[in-house]
Amino acid sequence: MVLDGLNAAQREVVAAPAGNVLVLAGAGSGKTRVLVHRIAWYIQTGQTHPHGILAVTFTNKAAGEMRGRIESLLQHPIGGMWVGTFHGIAHRLLRAHWQEAGLPENFQILDSEDQQRTVRRVIRGLELDESQHPPREAQWYINAQKDEGLRPQHLDDRGDPSLRQMIRIYRAYEEHCARAGLVDFAELLLRAHELFREQKERLAHYQQRFRHVLVDEFQDTNSLQYAWLRLLVGHDGSLFAVGDDDQSIYSFRGARMENMQRFQGDFPAAKLHRLEQNYRSTGVILRAANALIAHNATRLGKELWTAAGDGARVQLYSAFNEHDEARFVADRIAAEREGGGRYEDCAILYRVSAQSRVLEEILMQSGIPYRVYGGLRFYERAEIKDALAYVRLAVFRNDDAAFERIVNTPPRGIGQRTMEHLRVTARAQAGSLWEAALATMRDKMLPSRALSALDQFLRLIHGIGEQVRRQGPGEAVAAALEAGALREHYRKEPGEKGLSRIENLDELQNAAREFELDPELHGEIGPLQAFLAHAALESGETQADAQADCAQLMTLHSAKGLEFRQVFLVGMEEGLFPHQHSSQDARQLEEERRLCYVGLTRAQRRVTLTYAQHRRLHGTEFYPQPSRFLRELPAELMEDVRVGGDVSRALYAREAEAPDGAGFRLGQRVLHAKFGEGIVLNVEGYGSQARVQVNFAAAGSKWLVLAYAGLQPA
DNA sequence: AAGTGAGGTCTTTTT
DNA sequence: GACCTCACTT
């Protein structure tokens, strides 16, 4: 029954003998489906109980979806199964074993914004020049080290003075977080890894329990997540990993595509499977995507195919400027709608979020409803974070991030001088700001006006603490809003902004109450702590109002995992896509190409590409060249939209005429007697002169004369 | 302590 | 073009 409705390749994967399995699953090939059915298969064949399964994803959305699909397939709740994100699972482990992990019981989670503020404070505390050592860069550096599993003591400055300062900042930041009981996202993973590495009995316990570990989007794992999985799986466990190296687009945040290549070496007796039949797109779209991605040298190699027909050719529009581009897209969407289609079937994908502005203007003018994905999410809003900071400080007085945030919000006469004094005192006594404030009050170390303002603040927090102690999140948030007078504070903000902030605060109270009523969400740590963790780990939807029928606007990155009938890929220009910052380095360029591949493979029926001959960006003028990716698409799949337009045919890759009967295509998998399996990267010449460039998995990239090579289609 | 104007920056994003 | 930070003013 779990094998019903699967194709042969999927069935083979789902029912593969227990052991380590890597599934190279192309876009739209049913990757999550296979993962979910594998879980059901484990259970229905009696190999394990739900209790013995751990399934990991990257986003809460994916985890939620997976949970739902497992439950509906099994027809009952998943019980003791763990399904969650890497961070969520790490958090769960750390809450359960906080002592062994060296954390205070009520440690709090620092999100990226909190982290950056904290890093800034640390840099100032070290009396370093902020313009010389930008907090953003230091934060970046710290996270990159943690993602590699490196603590300050593992790092060597190699005599480089600026590196020396970075390490110094990292060390000071770490000390600060330890004092304040704060754990950032990367730290969750690092501590969870260290817990497994250093507490052998704990590790053994979880190894015994989770004999079957499953990971989605495996190409997005970073070094630390990979190392953690290796520890957990050990010798006796089994790892079932699903991923697509061609869709690895997050190396900038530590993702290691190489983890897919390493898999077979590191996990004993690992089996590799491929899922290449695509159920989403037309033949034309897949051929275009295959040809594009074939230009990448570092891949495991695969070629998507479909049983469906060819469909329409890929359209290309050369716009005069970004306004013309937007108008063209808007017209197309309007036409789609008039032809009986829906707005929501149309997605406009772009490289950088700044591109959305002009698109939005024109869509608005054209009366086309739209929705922009990305941007601030609910729990990231300033007013929400303010309110939660009151609760956090009331729960855990040492939370310096919360203290800094609300000590003078709303303004209560605690200014820079007072805060500077508290920071210095806190550093001197190696304690928190709260402790410094208590000492300052006790020794009367400030002018009486400042002392009285500070005293009021301390009492205020104390008061909330009294109320919060025995109450759930709903009451706690209410108490914080009341005592902090945040509604009054935001009411003063002019215009709609203040109004929406107050609405958000009301919504926060609702969310807290609802959370309180659902015991499933509380875990073992109590409703209030669970709610605070929930707010930090799941920042919520971008927009609560999922409007009816809207055109969808988003970056290529946020489009991953989604699909649309019609995809508009705009801004196909050198410098923008591939982006300037990524076009120098070969590895980064390949990632840009994968991003383009992701964009193309989002489309079910039709892809439209556009580029502008003239573009204003950041207030300056550009006359960009068309993107090199356009030239990498086979000419016969393309169609110029503008009649008599100046788009030259030469823009596209001419498919070389290979000798009769040979017919090798770009991106095709081939077999060579000596070099083994490879992918066709390039084709040139005619007849007996015809040559192909093939990237062999084992032997690397080679040019071969077809007449002698004896290549076979694989 | 709080409000105003100049100057620098500007990929991609989840947890 | 928009945002954020900093220095300066009141």
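What you are looking at is a predicted structure, and each value in this text was computed from that prediction instead of being measured. Below, chains carry the letters A, B, ... as their sequence lines are ordered, and counting in each starts from 1.
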N/O contacts under 3.5 Å, protein versus nucleotides 1-3 of chain C?
{"from": "C/dG1", "atom 1": "O6", "to": "A/His618", "atom 2": "O", "distance (Å)": "3.2"}

No-hydrogen, no-angle side-chain donor-acceptor test under 3.5 Å, A/Glu383 and A/Asn504
yes

Indicate syn or anti for B/dT11, taking the glycosidic torsion and treating anything within 90° of 0 as syn.
syn

Within this structure, what is the NE2-to-P distance between A/His87 and B/dT15, rounded to whole angstrom?
9 Å

Start with the C-alpha distance between A/Asp111 and A/Lys385, add both sets of side-chain angles, then the distance that settles salt bridge (charged side-chain N to carboxylate O under 4.0 Å, His left out), and finish with yes or no.
CA-CA 10 Å; A/Asp111 72 14; A/Lys385 296 195 69 172; 2.6 Å; yes

Measure from the side-chain N and O atoms of A/Gln584 to the backbone N and O of A/Ser582, and report whether any donor-acceptor pair falls under 3.5 Å.
no

On DNA chain B, does the nearest nucleotide to A/Ala536 precede the nearest nucleotide to A/Trp140 from the 5' side, or the other way round? Give the residue.
A/Trp140

Just the rounded figure in Å: distance from C1' of B/dT13 to CG of A/Asp147.
13 Å

Below 4.0 Å: OP1/OP2 of B/dT12 and any side-chain N or O of A/Ser558
no

Checking all strands, does A/Asp184 fall into the base, sugar-phosphate, or nothing category for heavy-atom contacts under 4.0 angstrom?
nothing

Between atom CZ in A/Phe86 and atom P in B/dT15, what is the gap in whole Å?
13 Å

When you measure from the side chain of A/Thr85, which nucleotide among B/dT13, B/dT15, B/dT11 comes out closest?
B/dT15

Donor on one side chain, acceptor on other, A/Glu591 and A/Ser251, under 3.5 Å
yes

What does A/Phe58 touch in the nucleic acid at a heavy-atom separation under 4.0 angstrom: a base, only the sugar-phosphate, or nothing?
sugar-phosphate

Between B/dT15, B/dT11, B/dT13, which nucleotide gets closest to the side-chain atoms of A/Thr59?
B/dT15

Give one of base, sugar-phosphate or nothing for A/Tyr250, where a contact means two heavy atoms less than 4.0 Å apart.
sugar-phosphate

Protein-nucleotide distance (A/Leu224, atom CG; B/dT15, atom P), rounded to Å
17 Å

Any side-chain donor-acceptor pair under 3.5 Å between A/His614 and A/Glu621?
yes

Pair A/Phe403-A/Phe457, ring-ring contact (aromatic ring centres under 6.0 Å, His included): steps then yes or no:
CA-CA 10 Å; A/Phe403 191 106; A/Phe457 176 67; 5.5 Å; yes

Please list each protein N or O that sits under 3.5 Å from an N or O in nucleotides 1-7 of chain B, with the distance.
{"from": "B/dA1", "atom 1": "OP1", "to": "A/Gly415", "atom 2": "N", "distance (Å)": "2.6"}
{"from": "B/dA2", "atom 1": "OP2", "to": "A/Asn408", "atom 2": "ND2", "distance (Å)": "3.0"}

What's the closest nucleotide to the A/Arg351 side chain, out of B/dT13, B/dT11, B/dT14?
B/dT11

Do we see A/Phe252 stacking on the base of B/dT13, given a limit of 5.5 Å between centres and 30° between planes?
no

Looking only at side-chain N and O atoms, does A/Thr221 offer a donor or acceptor that is under 3.5 Å from a partner on A/Asn259?
yes

Kindly indicate whether the side chain of A/Ser112 and the base of B/dT13 share any N or O donor-acceptor pair separated by less than 3.5 Å?
no

Check whether the side chain of A/His579 and the base of B/dT11 form a donor-acceptor pair under 3.5 Å.
no

One thing to verify: whether A/Glu148 and A/Arg256 come together as a salt bridge, which I'm taking to mean a side-chain N less than 4.0 angstrom from a carboxylate O.
yes

OP1 or OP2 of B/dT9 under 4.0 Å from side-chain N/O of A/Arg136
no

In whole angstroms, how far is the P atom of B/dT15 from the CG atom of A/Leu182?
20 Å

Do side-chain atoms of A/Arg602 reach the backbone of A/Glu563 as a donor and acceptor pair under 3.5 angstrom?
no

Decide whether A/Gln588 and A/Glu590 meet the rule of one side-chain donor and one side-chain acceptor closer than 3.5 Å.
no

To the nearest Å, give me how far apart CG (A/Leu553) and P (B/dT12) are.
14 Å

About how many Å separate CZ of A/Arg95 and CZ of A/Phe107, when rounded to the nearest 0.5 Å?
4.0 Å

Between A/Ser356 and A/Ser353, is any side-chain donor less than 3.5 angstrom from a side-chain acceptor?
no

Rounded to the nearest angstrom, tell me the gap between atom CG in A/Leu188 and atom P in B/dT15.
13 Å

Is it the case that the side chains of A/Tyr373 and A/Gln552 hold a donor-acceptor pair, with the cut-off being a distance below 3.5 Å and no angle test?
yes

Check whether any side-chain nitrogen or oxygen of A/Ser582 sits under 4.0 Å from OP1 or OP2 of B/dT11, and answer yes or no.
no

Selected nucleotide, minimal atom distance to A/Val352 side chain, candidates B/dT11, B/dT13, B/dT15
B/dT11

Got a list of protein N/O to nucleotides 4-8 of chain C N/O distances below 3.5 Å?
{"from": "C/dC6", "atom 1": "OP1", "to": "A/Glu130", "atom 2": "OE1", "distance (Å)": "3.2"}
{"from": "C/dC6", "atom 1": "OP1", "to": "A/Glu130", "atom 2": "OE2", "distance (Å)": "3.4"}
{"from": "C/dC6", "atom 1": "OP2", "to": "A/Arg124", "atom 2": "NH2", "distance (Å)": "3.1"}

From CZ of A/Arg594 across to C1' of B/dT12 the rounded distance in Å is 13 Å

